[in-house]
Participant: 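The structure follows.
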Amino acid sequence: MKVLITGAGGQAASELQKTAPTNMELICLERRQLDITDQAAVTAALNTARPQLVINAAAYTAVDQAETEPETVHAVNADGAGRLARAASAAGARFFHISTDFVFAGDQSFPYRETDPPAPLGVYGQSKLAGEKAARDATKDTALIVRTGWLYAAHGKNFVKTMLRLQAERPCLNVVCDQVGTPTWARTLAETLWAAASRPELRGVYHLSDAGVASWYDFAVAIQEEGLRLGLLETAVPITPVTSSAYPTPARRPAYSVLDKTAAWRDLGISGRHWRACLREMLEELKTCAPC
Ligand SMILES: NC(=O)c1ccc[n+]([C@@H]2O[C@H](COP(=O)([O-])OP(=O)(O)OC[C@H]3O[C@@H](n4cnc5c(N)ncnc54)[C@H](OP(=O)(O)O)[C@@H]3O)[C@@H](O)[C@H]2O)c1
């Protein structure tokens, strides 16, 4: 199967490339090779590649910065997703789109199902929700949309790598404890998307993250414990739990964004791994890989 992947410089795309089954022929395009806001470039890329599957891993992901440039964010996350989905449909290719737990307001106290009403709190979440609709409309509801959250990988910028750096540089850290979700290794997402690639009947929205629940504070403490164990950190610095009000950010974030993975696990016949086991494995890999 020929697969075109956009946003090839990002975390999700890097894991898609690492985990692709051998029967997949990948065409991986970074932003400089394919800007999904450029209609002519999208048409040309699809005409040249003639893929059977398009995976949109491109997105504007700077959640705080998004608040000050909504047009740019929507151009990528909403219009760009729709444009790519339309081109995929016209080329007869399936379309996979990655979305986010930030489509929810976070006022539930139990995991969000695919059928729960979205109500994004900020520009980024609004643009991603609009991208879901654009992808569904452009593909007559045949697109597969996978919502995930709190992604990290050895490649790219993320909370895990930021925490390792800050814990090495600073005498102490404050980390918010009143936002709860599930840290998700981008590898889990990538492997799930490849599993879905061999299931042509799958369509619609699915929730997918690693298993378990954590606050950012819990996640930071786990990164420290695993980092010390693996020798990625030399000393333990005190980490203090603080509330979001003590750490104001331009974008509001959901207080609770745990996703219910029942449907994805059932329909794909997979069993989720706990986020802590995935974190350990990713850090082991980070220890052996060149800076990325
Ligand atoms: N990161 C998270 O915690 C998280 C959580 C939930 C859902 N998601 C979703 O998961 C997906 C993958 O996220 P990720 O963490 O892999 O993001 P990422 O590491 O930020 O990668 C996104 C990639 O998209 C590229 N891009 C931006 N604008 C583009 C454009 N106009 N045309 C083509 N490419 C463009 C970026 O290129 P540049 O680097 O050159 O800008 C970057 O390489 C996204 O849909 C995101 O919304 C992410």
Side-chain angles (χ1 to χ4, degrees), residues 1-38 41-42 44-46 48-63 66 73 75-78 80-85 87-88 91 93-102 124 127-128 131-132 134-135 143-161 183-198 206 208-210 264 278 281-282 285-286 289-292:
M1 189 189 293
K2 217 172 180 189
V3 186
L4 187 148
I5 300 173
T6 61
Q11 303 189 87
S14 76
E15 291 298 330
L16 281 164
Q17 291 167 71
K18 278 186 194 167
T19 57
T22 49
N23 61 339
M24 301 287 171
E25 182 190 338
L26 304 190
I27 300 123
C28 301
L29 302 175
E30 295 182 9
R31 189 225 286 247
R32 63 187 167 78
Q33 297 163 305
L34 175 59
D35 181 336
I36 63 168
T37 66
D38 181 339
V42 168
L46 270 287
T48 307
R50 304 217 156 275
Q52 280 94 44
L53 169 65
V54 174
I55 304 180
N56 183 25
Y60 182 120
T61 55
V63 174
V73 183
V76 181
N77 292 352
R83 179 177 298 109
L84 196 63
R94 277 180 96 193
F95 186 69
F96 287 5
H97 181 65
I98 308 169
S99 192
T100 173
D101 55 342
F102 277 30
Y124 169 74
S127 73
K128 294 294 294 183
E132 292 183 9
L144 183 79
I145 296 164
V146 179
R147 291 184 186 140
T148 189
W150 297 31
L151 278 188
Y152 63 88
H155 172 87
K157 289 185 196 151
N158 53 63
F159 185 81
V160 175
K161 290 167 78 176
T184 303
W185 192 12
R187 180 150 311 168
T188 306
L189 171 66
E191 288 174 345
T192 305
L193 291 172
W194 288 129
S198 60
Y206 281 95
L208 193 280
S209 69
D210 284 322
C278 294
E281 202 174 315
M282 176 272 190
E285 189 175 300
L286 190 66
C289 80
C292 44

Participant: Check side chain to side chain contact (heavy atoms under 4.5 Å, CB included) between Arg83 and all other residues, then give those that pass, not counting sequence neighbours.
Facilitator: Thr37, Gln39, Val42, Asp79, Arg86
Participant: Do Gln11 side-chain atoms and Ala153 backbone N/O form a donor-acceptor pair below 3.5 Å?
Facilitator: yes
Participant: Indicate the atoms forming the closest heavy-atom contact of Phe95 with Ala81, along with that distance.
Facilitator: CZ-O, 3.8 Å
Participant: Of all heavy-atom pairs between Ala13 and Gly7, which one has the smallest distance, and what is that distance?
Facilitator: CB-O, 3.2 Å
Participant: Rounded to the nearest 0.5 Å, what's the gap from OH on Tyr124 to OH on Tyr60? Could you check?
Facilitator: 11.5 Å
Participant: Quick one: which residue pairs count as a salt bridge (Lys or Arg N to Asp or Glu O under 4.0 Å) with a foot in residues 51-63, not counting sequence neighbours?
Facilitator: none
Participant: Tell me, with the steps shown, if Val146 and Leu189 meet side chain to side chain contact (heavy atoms under 4.5 Å, CB included).
Facilitator: CA-CA 9 Å; Val146 179; Leu189 171 66; 3.8 Å; yes
Participant: Among residues at least two apart in sequence or on other chains, which ones pass side chain to side chain contact (heavy atoms under 4.5 Å, CB included) with Ala264?
Facilitator: Tyr206, Leu208
Participant: Just so I know, are the side chains of Leu16 and Ile55 near enough to count as touching, which here means a heavy-atom distance under 4.5 Å?
Facilitator: yes
Participant: Given Thr184 and Asp210, is the side chain to side chain donor-acceptor pair (under 3.5 Å) satisfied, shown in steps?
Facilitator: CA-CA 5 Å; Thr184 303; Asp210 284 322; 4.7 Å; no
Participant: If you look at every heavy atom in Ala78 and Ala134, which pair is closest and at what distance?
Facilitator: O-CB, 3.7 Å
Participant: Taking the side chain as every heavy atom from C-beta outward, state whether Pro51 and Leu46 have any pair of such atoms under 4.5 Å apart.
Facilitator: yes
Participant: For His155 and Gly9, indicate whether the former's side chain and the latter's backbone hold a donor-acceptor pair under 3.5 Å.
Facilitator: yes
Participant: Determine the minimum heavy-atom distance between Ser99 and Ile145, stating which atoms define it.
Facilitator: CB-CG2, 4.0 Å
Participant: Is there side-chain contact between Val54 and Arg94, with heavy atoms separated by less than 4.5 Å?
Facilitator: no
Participant: Any salt bridge between Glu285 and Lys18, counting N to O under 4.0 Å?
Facilitator: yes
Participant: Quick one: side chains of residues 23-30, donor-acceptor pairs under 3.5 Å with protein atoms, not counting sequence neighbours, listed by atom name and distance.
Facilitator:
{"unit_1": "Glu30", "atom_1": "OE1", "unit_2": "Arg32", "atom_2": "NE", "d": "3.3"}
{"unit_1": "Glu30", "atom_1": "OE1", "unit_2": "Arg32", "atom_2": "NH2", "d": "3.4"}

Participant: Are any side-chain N or O atoms of Lys2 and backbone N or O atoms of Arg50, one a donor and one an acceptor, separated by less than 3.5 Å?
Facilitator: no
Participant: Is any side-chain heavy atom of Ser209 closer than 4.5 Å to one of Asp101?
Facilitator: no
Participant: Test: salt bridge (Lys or Arg N to Asp or Glu O under 4.0 Å). Region: residues 143-157. Which pairs qualify, not counting sequence neighbours?
Facilitator: Glu132-Arg147
Participant: I'd like to check Trp185 versus Glu281 (side-chain heavy atoms, cut-off strictly below 4.5 Å). Are they in contact?
Facilitator: yes
Participant: Can you tell me if Lys128 uses its side chain to pair, donor with acceptor, with the backbone of Ile98 under 3.5 Å?
Facilitator: yes
Participant: Test side chain to side chain contact (heavy atoms under 4.5 Å, CB included) on Leu53 and Phe96; report intermediate values, then the result.
Facilitator: CA-CA 8 Å; Leu53 169 65; Phe96 287 5; 3.7 Å; yes
Participant: Mind listing the closest non-hydrogen atom pair of Tyr152 and Cys278 along with its distance?
Facilitator: OH-C, 3.4 Å
Participant: Less than 4.5 Å apart, any side-chain heavy atom of Ser127 and any of Phe102?
Facilitator: no
Participant: Would you mind reporting whether Val73 and Val76 have side-chain heavy atoms less than 4.5 Å apart?
Facilitator: no
Participant: Over all heavy atoms of both residues, which pair between Ala12 and Ala57 is shortest? Give the atoms and the distance, please.
Facilitator: CB-CB, 4.4 Å
Participant: Quick one: CH2 on Trp194 to CD on Glu15, what's the gap to the nearest 0.5 Å?
Facilitator: 12.5 Å
Participant: Return the set of residues passing side chain to side chain contact (heavy atoms under 4.5 Å, CB included) with Thr6 (not counting sequence neighbours), or none when no residue passes.
Facilitator: Leu4, Leu34, Ile36, Asn56, Ala58, Leu84
